[in-house]
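Reckoned from all heavy atoms, side chains included, excluding hydrogens, waters and symmetry mates.
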Amino acid sequence: MADLKPVEIEKAQNHFEIYDFEGQGKIDCKDLGDLLRSLDTRPTIATILKNGGTKKKGEKMMTFDEFLPIYSQVRKEKEQGTYADFMEGLKVYDKSENGTMLAAELAHVLLSLGERLTDPEVEEIMTCAGKEDEDGFIKYEPFIKAVLAGPFPPEAE
């Protein structure tokens with residue numbers, strides 16, 4: 001991994017060891033996305049699955065030597081949305097141009113655009129939206145900041 005500096009490899013090794021719950025030098029591929037996100041990347045679910053991640057625990061294990069090229073590749077990908085991208089996208093729904101949008105519209109966007117979320121996932125992520133005002137509007141800038149800051153509670157296994 002010529003593109004990774006020794007300090008980055010060491011950081012990746014440290015994070016990998018945290019996710020090596022059995023102490024066998026391997027991680028469960030179900031945890032690949034969490035491991036990548038712990039290293040300040042934002043892979044999509046499709047990217048995780050494409051790189052060997054699994055949806056169920058115990059299906060497949062991965063060594064650090066197998067993980068390192070995946071980490072290197074995911075770091076290079078520019079498919080991730082930025083704060084400015086999300087602000088620009090949600091401004092479309094800001095009809096009053098005051099930094100707010102209907103919470104129901106935000107939920108609809110999360111359910112129907114891009115990498116679609118499930119109803120329970122939308123309910124969980126909407127907790128980042130804060131309180132709606134009496135007309136059902138929320139401020140979307142704090143929502144975007146909260147989502148990008150992450151992390152969310154771990155899902156039940």
Side-chain angles (χ1 to χ4, degrees), residues 1 3-5 7-8 11-12 14-16 18-19 21 27-60 62 67-157:
M1 305 296 84
D3 62 318
L4 293 174
K5 298 176 183 139
V7 70
E8 294 168 327
K11 180 180 178 182
N14 290 338
H15 285 242
F16 185 90
I18 291 169
Y19 284 90
F21 299 120
I27 64 159
D28 192 305
C29 289
K30 164 106 176 49
D31 298 322
L32 178 61
D34 294 336
L35 173 56
L36 288 167
R37 288 183 190 100
S38 78
L39 289 163
D40 300 324
T41 63
R42 293 190 182 116
T44 62
I45 293 169
T47 299
I48 293 164
L49 294 175
K50 179 181 83 176
N51 284 293
T54 59
K55 292 186 177 189
K56 293 182 186 170
K57 203 160 202 52
E59 286 184 31
K60 183 177 159 188
M62 178 181 292
F67 168 72
L68 209 52
I70 294 168
Y71 172 52
S72 175
Q73 179 60 38
V74 169
R75 281 178 41 128
K76 293 177 194 172
E77 291 180 10
K78 300 298 179 200
E79 216 175 271
Q80 307 155 352
T82 64
Y83 170 80
D85 294 334
F86 293 121
M87 283 296 291
E88 192 65 31
L90 293 182
K91 279 182 185 176
V92 171
Y93 300 95
D94 183 1
K95 301 192 180 29
S96 302
E97 297 181 2
N98 62 357
T100 64
M101 68 183 289
L102 282 170
E105 274 187 316
L106 177 57
H108 174 73
V109 167
L110 294 171
L111 281 168
S112 61
L113 298 178
E115 192 167 336
R116 291 170 177 84
L117 300 176
T118 63
D119 285 328
E121 289 170 331
V122 169
E123 288 174 25
E124 181 181 342
I125 204 167
M126 287 298 289
T127 61
C128 293
K131 296 279 185 202
E132 298 176 24
D133 68 15
E134 60 276 357
D135 296 322
F137 286 86
I138 57 145
K139 294 189 176 295
Y140 53 86
E141 184 176 12
F143 170 76
I144 293 168
K145 287 179 180 177
V147 168
L148 290 176
F152 298 104
E155 59 189 62
E157 297 178 22

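Considering only heavy atoms from C-beta on, Phe86 comes within 4.5 Å of Leu148 through its side chain. Between Arg75 and Asp40, every side-chain heavy-atom pair lies at or beyond the 4.5 Å cut-off. Counting heavy atoms from C-beta on, the side chains of Ile27 and Phe16 come closer than 4.5 Å. Using a 4.5 Å cut-off on side-chain heavy atoms (C-beta onward), Tyr71 and Leu35 make no contact.
Using modelled atom types, no side-chain atom of Asp135 and backbone atom of Phe137 make a donor-acceptor pair closer than 3.5 Å. Judged by distance alone, with hydrogens and angles left aside, the side-chain atoms of Ser72 form no donor-acceptor pair with the main-chain N or O of Pro69 at under 3.5 Å. Of the possible donor and acceptor atoms, none in the side chain of Asn14 sits under 3.5 Å from a partner among the backbone N and O of Ile18.
Atom-to-atom distance recorded for Asn51:CG and Leu36:CG is 7.5 Å, nearest 0.5 angstrom. In this structure, NZ on Lys30 lies 11.0 Å from OH on Tyr19, to the nearest 0.5 angstrom. Here the straight-line distance linking atom OH of Tyr140 with atom CE of Met87 works out to 5.0 Å at 0.5 Å rounding. Note: Met62 CE to Leu32 CG = 5.0 Å, rounded to the nearest 0.5 Å. Atom CG of Asp31 and atom CZ of Arg37 lie 11.0 Å apart (nearest 0.5 Å). To the nearest 0.5 Å, the span separating CE on Met101 from NZ on Lys95 amounts to 7.5 Å.
The two residues Ile48 and Gly33 make their nearest non-hydrogen contact at CD1-CA, 3.3 Å. Of all the heavy atoms in Leu90 and Ile144, the pair that sits closest is CD1-CD1, 3.8 Å. Residues Glu121 and Thr118 share a closest heavy-atom pair of OE1-N, 2.7 Å. Taking all atoms of both residues into account, the shortest heavy-atom contact from Lys57 to Asp28 is CG-OD2, 3.3 Å. Residues His15 and Ser38 come closest through the heavy atom pair ND1-OG, 2.8 Å. Heavy-atom minimum distance, Cys29 versus Gly52: CB-O, 3.3 Å.
For Glu132, the salt bridge (charged side-chain N to carboxylate O under 4.0 Å, His left out) test picks out no residue, with sequence neighbours left out.
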